[in-house]
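One structure below.
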Number of protein chains: 2
Amino acid sequence: MARLPVYLRALHALQDRGVATVSSEELASAAGVNSAKLRKDLSHLGSYGTRGVGYEVEYLVYQISRELGLTQDWVVAIIGVGNLGRALAGYGGFASRGFRVAGLLDADEQIVGQEISGLTVRHIDRLEDVIGEHGVSIAVIATPAGAAQGVCDRVVAAGVTSVLNFAPVVLTVPEWVDVRKVDLSIELQILAFHEQRKAGGPDGAGGRPSALDSGPPEPVHYVEAAE
Amino acid sequence: MARLPVYLRALHALQDRGVATVSSEELASAAGVNSAKLRKDLSHLGSYGTRGVGYEVEYLVYQISRELGLTQDWVVAIIGVGNLGRALAGYGGFASRGFRVAGLLDADEQIVGQEISGLTVRHIDRLEDVIGEHGVSIAVIATPAGAAQGVCDRVVAAGVTSVLNFAPVVLTVPEWVDVRKVDLSIELQILAFHEQRKAGGPDGAGGRPSALDSGPPEPVHYVEAAE
DNA sequence: ATGCCTTTGTGAATACGCGCACAAAGTCGA
DNA sequence: TCGACTTTGTGCGCGTATTCACAAAGGCAT
């Protein structure tokens, strides 16, 4: 389930606060989901709760980590060291969750050789070497759109079976390879869509809170046809 | 629908290649979805196809852009100018889709005053001013986890009704505010989960291609219990 | 003009996810 | 020891999304 990482994060926060046991209600609230859903999710990986008490935080952390495969280290390579690649290389959330960045690669000679977050950027020509040497199993593609499919084909040919794609293209891969896509522009477009509806979209004003109940302080934003 | 931006991107690519009309089958393939689903999605915003021919690319681009609210400009502020904030500020996919970054804000005095992608970083104290002056309606939160909820409360109080959150926390907002979350660590954890299953997870080896059919060149990666 | 061929738009069947609500199970106080 | 209370685990119904499959609609060649 895609929600397990969220639970895990909430559990880590509880752990840091010294909480030993937690009820499904509390944990669900912290994770922003329904408590029944959370219980059902947890029950799918075995019954680790005690009725009348709740779940033991530490034990649950271990079980979820195990289920997610975080009890082992995963070796990651980042291809494309532009602004985004740099940000990813320096992102602390990786190392703390068992993800080790073993290689940074780029095609730009200006960038190759630079040291970023303790790693030297290597040339994309060495892609297969880097993957082989370090046993990379997850590739993060942060290249321009045009280069993404080519890079993807190469990492797959080199044995990578999971790809995290930040380039704005739909990657084609063999069926044994998993791809997840993060697209900043699409996220904004979805927000714009809802924003437009709130401001009284094509269907006429629908469903936004009136100024009477505890709505926004300012009426609404101006909306005028952009042509 | 959350798929419209994907269709739009595929259509833009077709437009660049000079394609005038496209069938649901082709477009669905380019967008990575089922063709019936695509037709149903498009039919929900009116019937813009011609039977026997397909859809006119240019017209469809306009209709989807309109539906998504991209015929107007949206004003965005980015709060938190670390590695990620910097990457976002320089991301070309924003401007080209009608999103204008009007403000960069940070709490760090070292960063305030720097010019990044043509914008001067301002101090977080001026948050409300920046939002008001430019009519910001979308806030991008790229702060550390600890600061995110506080920043979120402030932008909401200042009138922002859409938030794109990169901080690894679940934000609590009034019900008229939309939040979308992008969490790099969670994406990797989901990949690790599938990776583990492919490598013969807790359930025993299940469903991965054998070495007989067109599987990966190398057998599989080593997997050993990490404790 | 006419009939064949392509492609859309959609009814119907299916699968899926979600959440309510409750029984089973366990704790804790008396 | 016993009963009341808390919390888990899950059966069930419901609404939504997805897919199949086909009839309606339009183009195009003859």
Side-chain angles (χ1 to χ4, degrees), chain A residues 1-8 10-11 14 19-64 67 170 175 180-181 186 190 193-194 197 203 206-207, chain B residues 1-8 10-11 14 19-64 67-68 170 175 178-181 186 190 193-194 207:
Chain A
M1 285 290 175
R3 284 184 297 268
L4 288 182
V6 183
Y7 303 157
L8 187 56
L11 286 166
L14 289 170
V19 178
T21 68
V22 64
S23 73
S24 64
E25 203 75 44
E26 293 171 296
L27 183 55
S29 158
V33 301
N34 180 289
S35 69
K37 178 156 51 178
L38 181 137
R39 287 197 300 274
K40 198 159 286 185
D41 286 344
L42 294 186
S43 76
H44 281 323
L45 35 129
S47 295
Y48 301 128
T50 309
R51 299 178 188 223
V53 176
Y55 299 88
E56 192 193 342
V57 173
E58 195 175 356
Y59 189 52
L60 204 49
V61 164
Y62 171 71
Q63 291 299 342
I64 294 181
E67 179 74 10
V170 177
E175 105 280 3
R180 291 195 66 86
K181 184 161 183 284
I186 283 184
I190 293 171
F193 171 74
H194 289 115
R197 292 192 91 82
D203 58 344
Chain B
M1 285 292 173
R3 284 183 297 268
L4 288 181
V6 182
Y7 303 156
L8 187 57
L11 286 166
L14 290 170
V19 178
T21 67
V22 65
S23 74
S24 65
E25 204 75 46
E26 292 170 297
L27 184 54
S29 157
V33 300
N34 180 291
S35 69
K37 177 155 52 177
L38 181 138
R39 287 198 299 275
K40 194 154 284 190
D41 286 345
L42 294 185
S43 76
H44 281 323
L45 35 128
S47 296
Y48 301 126
T50 308
R51 297 173 189 227
V53 177
Y55 300 87
E56 192 194 341
V57 173
E58 194 175 356
Y59 189 52
L60 204 48
V61 164
Y62 171 71
Q63 291 299 342
I64 294 182
E67 179 75 11
L68 287 173
V170 177
E175 106 279 3
D178 282 296
V179 176
R180 292 195 67 86
K181 184 160 183 286
I186 283 183
I190 293 171
F193 170 74
H194 289 115

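Every chain is numbered from 1, with letters handed out A, B, ... down the list of sequences.
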Item to check | R39(A), nearest nucleotide to its side chain (from dT10(D), dT18(D), dT7(C)) | outcome: dT10(D)
Checklist entry - E25(B) CD to dC5(C) P: how many Å, rounded? => result 19 Å
Next on the checklist: Could you tell me how far apart L38(B) (CG) and dT18(D) (C1') are, to the nearest whole angstrom?
Outcome noted: 13 Å
Next on the checklist: If you compare every side-chain N and O of S24(B) against the phosphate oxygens of dT7(C) (OP1, OP2), does one of them come in below 4.0 Å?
Outcome noted: no
Checklist entry - Atom CG of L45(A) to atom C1' of dT8(D): distance rounded to whole Å? => result 14 Å
Next on the checklist: Nearest whole Å is fine: how far is dG17(C) P from M1(A) CE?
Outcome noted: 6 Å
Checklist entry - Which nucleotide, dC18(C), dG19(C), dT10(C), lies nearest any side-chain atom of R3(A)? => result dC18(C)
Checklist entry - Can you find an N or O donor on one side and an acceptor on the other, under 3.5 Å apart, linking the side chain of K40(B) with the base of dT18(D)? => result no
Checklist entry - Can you find a heavy atom in the side chain of V19(A) that is under 4.5 Å from one in the side chain of E26(A)? => result no
Next on the checklist: Do L14(B) and L27(B) have side chains that approach each other closer than 4.5 Å (heavy atoms only, starting at C-beta)?
Outcome noted: yes
Item to check | Side-chain N or O of K37(A) closer than 4.0 Å to phosphate OP1/OP2 of dG19(C) | outcome: yes
Checklist entry - For Y48(A), which of Y55(A), Y62(A), Y59(A), Y7(A) qualifies under ring pair (Phe, Tyr, Trp, His ring centres under 6.0 Å)? => result Y59(A)
Next on the checklist: What is the distance, to the nearest angstrom, from the CG atom on L42(B) to the P atom on dT7(C)?
Outcome noted: 16 Å
Checklist entry - How many Å lie between CG on L4(B) and P on dA17(D), as a whole number? => result 13 Å
Checklist entry - Of the nucleotides dC20(C), dG9(D), dT7(C), which has the atom closest to the N34(A) side chain? => result dC20(C)
Checklist entry - Which of the following nucleotides, dC20(D), dT7(C), dT8(D), is nearest to the side chain of Y55(A)? => result dT8(D)
Item to check | Of V53(A) and S23(B), the one whose closest DNA chain C nucleotide lies more 5' | outcome: S23(B)
Checklist entry - From dG26(C), dT19(D), dC20(C), pick the nucleotide closest to the side chain of T50(A)? => result dG26(C)
Checklist outcome for this item: Note: A28(B) and S35(B) closest approach over all heavy atoms is CB-CA, 3.5 Å
Next on the checklist: dC28(C), OP1 or OP2 - any side-chain N/O from R51(A) closer than 4.0 Å?
Outcome noted: no
Checklist entry - Can you check the E56(A) CD to dT7(D) P distance for me, whole Å? => result 17 Å
Item to check | Residue pair T21(B) / V57(B), side-chain heavy-atom distance below 4.5 Å | outcome: no
Checklist entry - Taking OH from Y48(A) and C1' from dA25(C), how many angstroms apart are they, rounded to a whole number? => result 19 Å
